[in-house]
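Remarks on the structure that follows.
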Amino acid sequence: MNLDVTQCTQCGLTLFPARYFCPSCGSNAWTRCTVESGTVMESTVVRHRAGERDSPPIYLATVRTDAGPVVVARLNAAVPDGSAVRLEVHDDQCIVAVAV
Ligand SMILES: [Zn+2]
């Protein structure tokens, strides 16, 4: 599944998640835009989770999408900051970033 963001039709501000009113101009008219890629701003790894033993590490990243909004995504592996990634949304609604 693709990651969709919303863009204000009045002022062009692009947001994720969607909002009822544009915080910039107050409009409530939006268009949906598909975002397929972005750049890793910062990443971290979660090695221990409460109640789970020997679970695999989870790599998370803050990604600036090519459309502008910043999202938190799960990485399939550790990548350096500044890496280009492809973005997709899995069935569990998790945003996944894959290094390209
Ligand atoms: Zn606006």
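We count ligands from 1, going down the list as the structure has it; atoms in each ligand are counted the same way.
- Among residues at least two apart or in separate chains, salt bridge (Lys or Arg N to Asp or Glu O under 4.0 Å) pairs with a member in residues 87-98 are Arg86-Glu88.
- Identified under the side-chain hydrogen bond (donor to acceptor under 3.5 Å, both in side chains) test for residues 59-76, with sequence neighbours left out: Ser37-Asp66.
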Exercise for the section: Assess whether side chain to side chain donor-acceptor pair (under 3.5 Å) is satisfied between Asn2 and Thr34, documenting all intermediate values. Expected result: CA-CA 6 Å; Asn2 292 322; Thr34 296; 4.6 Å; no
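- Among Val35, Val5, Val89, Leu3, the one residue that satisfies the side-chain contact (heavy atoms from CB on, under 4.5 Å) test with Val71 is Leu3.
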Give every donor-acceptor pair under 3.5 Å between a side-chain atom in residues 16-30 and any protein atom, sequence neighbours left out.
| unit_1 | atom_1 | unit_2 | atom_2 | d |
| --- | --- | --- | --- | --- |
| Ser27 | OG | Ala29 | N | 3.0 |
| Trp30 | NE1 | Arg19 | O | 3.2 |
| Trp30 | NE1 | Tyr20 | O | 3.4 |

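- Judged by distance alone, the side chain of Gln7 and the main-chain N or O of Leu13 form no donor-acceptor pair under 3.5 Å.
- If you count the protein N, O or S atoms nearer to the Zn ion (ligand 1) than 2.8 Å, you get 4.
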